[in-house]
Each structure stands twice: as C-alpha cells, then as structure tokens.
Amino acid sequence: FFLYFCGSVTCCHFNGYAGSLFSSGPYEKDDEEADAIYAALDKRMDERRKERRELREKEEIEKYRMERPKIQQQFSDLKRKLAEVTEDEWLSIPEVGDARNKRQRNPRHEKLTPVPDSFFAKHLQTGENHTSVDPLQGVSNIPSPLTSTPFPGGLNTPYPGGMTPEAGELDMRKIGQARNTLMDMRLSQVSDSVSGQTVVDPKGYLTDLNSMIPTHGGDISDIKKARLLLKSVRETNPHHPPAWIASARLEEVTGKLQVARNLIMKGTEMCPKSEDVWLEAARLQPGDTAKAVVAQAVRHLPQSVRIYIRAAELETDIRAKKRVLRKALENVSKSVRLWKIAVELEEPEDARIMLSRAVECCPTSVELWLALARLETYENARRVLNKARENIPTDRHIWITAAKLEEANGNTQMVEKIIDRAITSLRANGVEINREQWIQDAEECDKAGSVATCQAVIRAVIGIGIEEEDCKHTWMEDADSCVAHGALECARAIYAHALQVFPSKKSVWLRAAYFEKNHGTRESLEALLQRAVAHCPKAEVLWLMGAKSKWLAGDVPAARSILALAFQANPNSEEIWLAAVKLESENNEYERARRLLAKARSSAPTARVFMKSVRLEWVLGNIDAAHELCTEALKHYEDFPKLWMMRGQIEEQSENIDKAREAYNQGLKKCPHSMSLWLLLSRLEERVGQLTRARAILEKARLKNPQTPEIWLESVRLEYRAGLKNISNTLMAKALQECPNSGILWAEAVFLEARPQRKTKSVDALKKCEHDPHVLLAVAKLFWSERKITKAREWFLRTVKIEPDLGDAWAFFYKFELQHGTEEQQQEVKKRCENAEPRHGELWCAESKHVLNWQKNIGEILVLVASKIKNTF
C-alpha cells in the first residue's frame, strides 16, 4: 500500500498551496481573531523595516536621478540664466536651420497624366481584359481578318468595330458633349446681355458661388417637407395670415427672395385686413416698392399705428417723416405712440404746440403731460400739472414733477406740502403707497439734483408699512442701499430721520458719522458729532472721532477742548486718557503727555496706561525711566504679555542678552499662550547663534499651543534660514496636516516649492483658503514673479479689498506699482492705504512699531516697508 501510494504521488506534480487548506470548513470567530493577529504581526514587521526600506528607496532614486537626470533638471541652471539675457542678445540668436536632406526638403510631387478618351473607347470595344494566355492557344489562334468565326481554343474576340456596344456601356463622346453644354449654360448665365462679352470675375467667381448656397442649417428634405406642409395650410385656409408669413420666411431663408415676395403679396390679397402680413410684405420688398405696399396697406387699414410708423421709417427725409406722421395723427389721434414719435421730430416751440394738442387727444398719458410741463414756462407748467392731476388723479409722477418744479424755481417750502398732499390724495383715490417705488423715485430725484424733493419723499414714505421694532434695522438697510446706488442725499435724509426717531441710539449716530466721514465734508461730520455727543455723552468713540477730526484739520486747541468735555462726561475713561496723551505726543508736547499719563496712572491705572507710559519714555530715549515704569507695571499686571515683550526688547536694545532672555522666560511662565513672546525668545536665541535652543523653544511652544500656525511658520522659517531646506519642507507638511486651513502656512508653502511646482501649490492653497488674504497675496506675488502684470494687479486689488487692514498687502502692492505702474497708480495705492489705516501684517508691524518710526504717518511707513521688500520670490 505504501509503495502504491508513493507511486501515485510521483505521478502528479505538486505546485504548492494556492489557497486555504480548510476553505471548505466554516469560518468562525476564532479564525477571524487568528487572521487579525497575523495581520497585526505582518503590519508590525513591515513598520519595523519601513524606515530602512524608504531610506533605501530614496537613496536608489537619488542615485538613479544623478546618473540619469531629467531633461528639465539638466537645463534648470541654463533656464535660470535666461533671466540675465538681454533683448539684444536674444534677438542675435541665429535661426535654427533645416537639418533635413535634399529629398525631404524638396519632395518631388507625384506626376499624374490624364488618360485620353480614346484609351477608354478602345478598351470598351475590345471587350474583356485578359491577364493570362491559354497555353492551348498558340500563334495559330490569332483571328483572321476575313472571318468572324472564332478559331479553336474558345477565344471569342470581336472584330474592331464589328459589334455595337451593349446597353449600359459608356459613350465618352456624349459625355464630353454634355459637359460642354453645361459649361455653355453656366457662362450664358454670367454673360453681359448688352455686349455679349463675358464679364466673369475670376477672383469673385467662387465668392458668387458661395453666396448662392442657402444660409439655412436644415436638411433639404426637411425644407421640402416644410414647404409641402405650408402649402397644404395655405390651400386649406387661405385666409390664415401666419401661414403666408411662415411660407415667405421659409423661402427667404433658403435664398429664394423673389419667391418669398410673390408669396407674401399673394398673402396680402388673401388677407387684406392682416396688419402682420402687410408689415412682412413691406419688409421683404425693396425701397420704393415697400412704400407702395405700405400705401396700399393704409387704404385697407387706416387705423393701424404700426403701419403708419413703418411708413415713417421708410422715409429718409425728415419733412416726409413729419408729413406721414401728421397724416397718421389725423386718422389715429388717440395713439400716444404716434404723438411721441411725432413730437421727437419737432423743434421745441412746435413740439410744445403739438403736445398741447396731444394732451387734449390723450388726456390719460402721463408722459405727454410731463413732456408738455417741461417745455412750458413756470406759471404755465404749474397749470399744466394741475390739469394733469385732474385728469390722472392716481399717478405719483405728476406730484413729484410738481415738487421738482417748485424746487427748481426756489419755492422749497412748497415741496414738503406737495409731497404730503400727494400721499393724502393718492390714498383718497385708492392708490396703495409702495414704499420701494417711492424710494426709487427719490433716488432718481437725487441723481437729477432735486435734493429737497428727494428728502421730502424720503421723510414722507420712510415709515410706511414697517413695524416699530423693525424700523431701525430696515432704515439702516435702506441707507446702505441708497449709498450703493449713489444716492447720497437719500441716505443722508434716512439717517436724519432715524436720528430724530432714535436720538439716544449710539449705533445710529456711529453709522451716520461714518457715512459723513466717507461721503460728506469735514464740516458736516463735525456738526453731526456735536449733536451726537449732546445726545450720547457716554459714547467715547463719538468724542474721539470729533477730537480726531479737529486734530487732522490742524485745530489742536479745539481737539483739546473736545477731549476736556469728554473727560467731564466720562471721568477716568482709559480711551479718552490715551487719546489725550496721543494728541500731546504727536504735537511734540511731551511734558504734557507725561503729566497726563502720570495723572492717568494715579486715577485710572490700567495695563494699557502703563504700557503707553513705558513706550513714551522708550521712544524719547529715557531707557532708565522706561525700565523703572516697566518694573512697576509688572508688579500690578504680570499677566499682560506686552509689558514683558517691551522689557525684553529694551534689554535687547541695551545689548543685555541674558536679561532679555530672563524677561522673556519670566513672561512665558506668566503668559504661556502669548505667541509673540515665544517668537521673540526664539529669534533672540537664533540671533546669538543658539540654533538648537531656538528649535527647542519652538517645539516647546508647539506642545503648549497646539494647532498654532504662527509657531509652525516660525519653525519652518528657522530651518530654511539655517539652510536645512529638506527639514523645512518636512515641517511644512506636518504644519499643513495640523493646520490645514491656515492661510499664512499655505502662502509660505507656495514659495517653498521649486518654481515649476508653485502654480500647482497655489491652486491647492486657493482650494483650502479661498478668501484668505495671505493666500491671495501669495498668488499676486506669484503672478508678479512670472511677469504677468495685469493678473498680478487684479489679485493685489482683490487682496486689499478683502482685508484692507493687512499692511503687508498694501506694501507689496505699492512696491509692485513702483516697478510696473504709473505715477497715478502709485499715488492711488498710497491714498487708499492712508484711508484704510492698516494696523496688522508681519512686515508692517515690524516697521510701524519700531521706536525710531513712532511719529511717522501711514504714508511714510508704507514707503519704508516697500523699500525693505526684496523680490526674492
């Protein structure tokens, strides 16, 4: 049995197990657990070898790339040098010659010789073509010229000309004759009928042929079907006008204009009372014929306004047009459309006379009444508008026009009465007062220069149809809408009405003040703010706006008096104290500023007051006094990070590195979540060459403040500045994993990439942070680096529009315009930056908060920051 079994085994071939030995059995929970354990072991073993495997693969790839670099890498250094090539050098590069051989450069065209007709005729007569000879047929099989009986061998060859061609064979002679006949017909169509000479223009012949091709896009069979269908419709109902019009237009589309004209004229006979058929006929006919058609149409339809208008359009002379329209008005005197067209052709005096007649014939036309009022004198216009109100008591435009008339003639006191009477009268006649329509009318009055009328309309309708609790919100929206439409007087009237209703609302006063600041004059703003502080004396921001307006105008005593009044209304207010200090320090009254700060520290001590005290002494160069004040402040406000920052920076300025490090470390113990303190300490260590310590500080900052983009960004830049680009790229990848929606990280990641990959990275950044100003700024810089000037300018504009407070964006924009823009564009950017008053941005804050630049204004800081920007990207 054993031998038998072994022998059977040797007979089969064992190829290993392809599957599970126990696949036929049930798969139980124990099996599942075992599989999970084995999978975990495999994964663990794979992870143990993963780093070595990846490192080995990376080395192999680098070795392979060194041995076989990409074409792109081979030419990368040369491509970078192209930036240094001048225009003359570029133009002096010789053209590439043609490296092909002579046969490829001068290919011989295949010569084709036309076969003569005699060749085809001969072969038609000789019958079949034989490509082989029967071996049984020899020389003796040649047919005898005396007989037509075939010789042995079976070769039936007729004598030349002895048999007539069968039906279906080609007669080349007849084909040639037909071709000549066809050409004669074509030439006769384009021949001169007078002299008999041919006038074919060889250059324009093909153009003429193309013009004969129908311009429709349909199939010919579809056109035939449509033609049959329309013919059936015409025959079934010959008095149906659309059938005739459709048939004529079908023929017109297919290029058969004369057939179309004939059809439509037939239609006018069958449908003489159809206005559309006559108008279509006039459209299809040429000039004089069209006039005759219109004249015939007028006889059949003497009351048709459209036919009279078409008749006037056909006339080229103004007098003829007037004559036609006057004839039309004799027959159709009630048509407002005819009166308007006729009046437009007349001179002002004749138009006034004609309008007087028009309003008699059409007393319900508002447009005619208003047109007549515009042409009349003041007294006559008043009478005309009174008559118009009698005839049309339900139209608001007549009332508004009357108010505008009074305003134009100096009777502004009548405007309010007219608008009030208008509302009362319209309501009495059952007219619903539509608030939105009236506001639109007020905007039109504003644009026309009728300010009093516009304000009267706003006052009359602003409160109609609004619940009391919704008034404030709705009115603010109305004011914003008017500003967006350019109706500033309407917005001013809405704010004035809102302030009368809500005199104690600080938010309404603020909205009105910002409106006057952006769109009004300095005098209007100051007058508004005086009223505002009288009604809201506790609103510090209103006092500060008034003082700032006076200060910017150069009236420092007035600004001081406003702040003094603000002190009385808001004793011990931090904002007012600091505003008074700023006013004095900006005007070089340093002793006054010191006294104010000392008084503020004693009466209203706050961390900001101490900070401003330290800063004042620091910028004035009194380092010892600043240090003492800072030490005193930290006793009371040790959790205020800016005090620790200032202390450390003062020590750095004095070259006391150890004390500065100690200040930063103490500050971080009290304020571990202050990003600026971590960054200052890290940069201090980097500055003194302690790169490892700086790296450890940033790592500790990341542990204490996870998902903080600013710390990650500084870590990436630290490695990049140290020349470790691979580590900086790795850190950036980790940073984007932890903070995937951080704009500053994506903006930095774009420029960490090599130039060819930057565009792809910018697309990814825009997908993640579509409206982030840092990403938009990075895209603008990317276009700038690629010399795409127009696109770069568009993205800079988009950036400063989304975030006008980002000073870095303004600085890069200004630098861009300095290089690629005009003087006007540079000044425009500077002006817009000064109006925006940016306060944030890495580069911006580095300059604006520097102790040497403390008295510089926005424009000076913009120029300073732009000068520090280098086009390294």
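As the structure is a computational prediction, the values presented were derived from the model and not from experiment. One-based numbering along the sequence shown.
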Exercise for the section: State whether the number of non-hydrogen atoms from other residues, nucleotides or ligands found under 6.0 Å of Glu468 atom CD is greater than 12. Expected result: no
Problem - Expected output: side-chain Asn570 to main-chain Glu540 donor-acceptor under 3.5 Å - result: no
Practice task
Could you tell me whether Arg522 and Glu516 have a side-chain N and a carboxylate O separated by less than 4.0 Å?
Solution key: no
Handout entry: Sidechain N-carboxylate O distance under 4.0 Å for Arg608, Glu575
Key = yes
Handout entry: Check against salt bridge (Lys or Arg N to Asp or Glu O under 4.0 Å), Lys291 and Glu315
Key = CA-CA 8 Å; Lys291 290 181 183 179; Glu315 298 292 345; 3.7 Å; yes
Exercise for the section: Can you establish whether the number of heavy atoms outside Lys582 located under 6.0 Å from its atom NZ is more than 12? Expected result: no
Exercise for the section: Check step by step if salt bridge (Lys or Arg N to Asp or Glu O under 4.0 Å) holds for Glu390 and Lys387. Expected result: CA-CA 5 Å; Glu390 293 171 6; Lys387 285 183 183 178; over 6 Å; no
Handout entry: CE on Met545 to CG on Leu528, rounded to 0.5 Å
Key = 8.5 Å
Handout entry: Atom NZ of Lys612: over 12 foreign heavy atoms under 6.0 Å
Key = no
Practice task
For the residue pair Leu314 and Val294, establish whether any side-chain heavy-atom pair is separated by less than 4.5 Å.
Solution key: yes
Handout entry: Glu379 CD: over 12 foreign heavy atoms closer than 6.0 Å
Key = yes
Handout entry: Working for salt bridge (Lys or Arg N to Asp or Glu O under 4.0 Å), residues Glu847 and Lys856
Key = CA-CA 10 Å; Glu847 296 300 327; Lys856 290 185 176 174; over 6 Å; no
Practice task
Could you grab the distance from atom CD1 of Ile462 to atom CD1 of Ile494, nearest 0.5 Å is fine?
Solution key: 4.5 Å
Problem - Pairs where residues 515-534 contributes a residue and the test ring-ring contact (aromatic ring centres under 6.0 Å, His included) is met, not counting sequence neighbours - result: Tyr495-Phe515, Phe515-His519
All N/O donor-acceptor pairs, side-chain side in residues 550-558, below 3.5 Å, sequence neighbours left out:
{"unit_1": "Lys550", "atom_1": "NZ", "unit_2": "Glu526", "atom_2": "OE1", "d": "3.0"}
{"unit_1": "Asp555", "atom_1": "OD1", "unit_2": "Ala558", "atom_2": "N", "d": "3.3"}

Exercise for the section: Rounded to the nearest 0.5 Å, what's the gap from SG on Cys482 to CD1 on Ile439? Could you check? Expected result: 6.5 Å
Practice task
May I ask you to check whether over 12 heavy atoms, not counting those of His820, lie within 6.0 Å of atom NE2?
Solution key: yes
Exercise for the section: With rounding to the nearest 0.5 Å, note down the distance linking CZ in Arg839 to CG in Leu806. Expected result: 13.5 Å
Problem - Residues Glu834 and Lys831 bridged, charged N to O under 4.0 Å - result: no
Fill in the blank from the handout: For Ile858 and Trp844, the nearest pair of non-hydrogen atoms, with its separation, is O-CH2, 3.8 Å
Practice task
Tell me whether the guanidinium CZ or amine NZ of Arg396 lies under 6.0 angstrom from the six-membered ring centre of Trp399 and within 45° of its axis.
Solution key: no
Problem - Value rounded to 0.5 Å, distance of NZ in Lys321 from CD1 in Ile309 - result: 11.5 Å
Problem - Salt-bridge criterion met for Glu416 and Arg459 (N-O under 4.0 Å) - result: yes
Exercise for the section: Please report the C-alpha distance between Asn588 and Gln855 in whole Å, then the side-chain angles of each, then the deciding distance to 0.1 Å, and finally whether the side chain to side chain donor-acceptor pair (under 3.5 Å) criterion is met. Expected result: CA-CA 10 Å; Asn588 301 325; Gln855 280 189 313; 2.9 Å; yes
Exercise for the section: Drop me the distance from Gln825's CD to Arg793's CZ, to the nearest 0.5 angstrom. Expected result: 4.0 Å
Practice task
Kindly indicate, with the supporting measurements, whether the criterion side chain to side chain contact (heavy atoms under 4.5 Å, CB included) is fulfilled by Ser848 and Asn853.
Solution key: CA-CA 6 Å; Ser848 64; Asn853 304 327; over 6 Å; no
Problem - Exceeds 12 heavy-atom contacts within 6.0 angstrom, atom NZ of Lys327 - result: no
Exercise for the section: Output yes when a side-chain donor or acceptor of Thr521 lies under 3.5 Å from a complementary backbone atom of Ser524, and no otherwise. Expected result: yes
Handout entry: Ion pair check, Arg306 and Asp276, cut-off under 4.0 Å
Key = yes
Practice task
I would like to know whether Phe796 and Leu777 meet side chain to side chain contact (heavy atoms under 4.5 Å, CB included); could you show each step before the answer?
Solution key: CA-CA 6 Å; Phe796 275 125; Leu777 180 60; 3.5 Å; yes
Handout entry: Side chains of Glu407 and Thr412, donor plus acceptor under 3.5 Å
Key = no
Exercise for the section: Could you tell me whether Glu467 atom CD has more than 12 heavy atoms of other residues or ligands within 6.0 Å of it? Expected result: no
Problem - Under-4.0 Å salt bridge between Arg389 and Asp395 - result: no
Exercise for the section: Describe, in one word, how the ring planes of Trp854 and Tyr590 are oriented to each other, choosing from parallel (under 30°), tilted (30 to 60°) and perpendicular (over 60°). Expected result: tilted
Exercise for the section: For the pair Arg560 and Glu584, find out whether any cationic side-chain nitrogen is under 4.0 Å from an anionic carboxylate oxygen. Expected result: yes
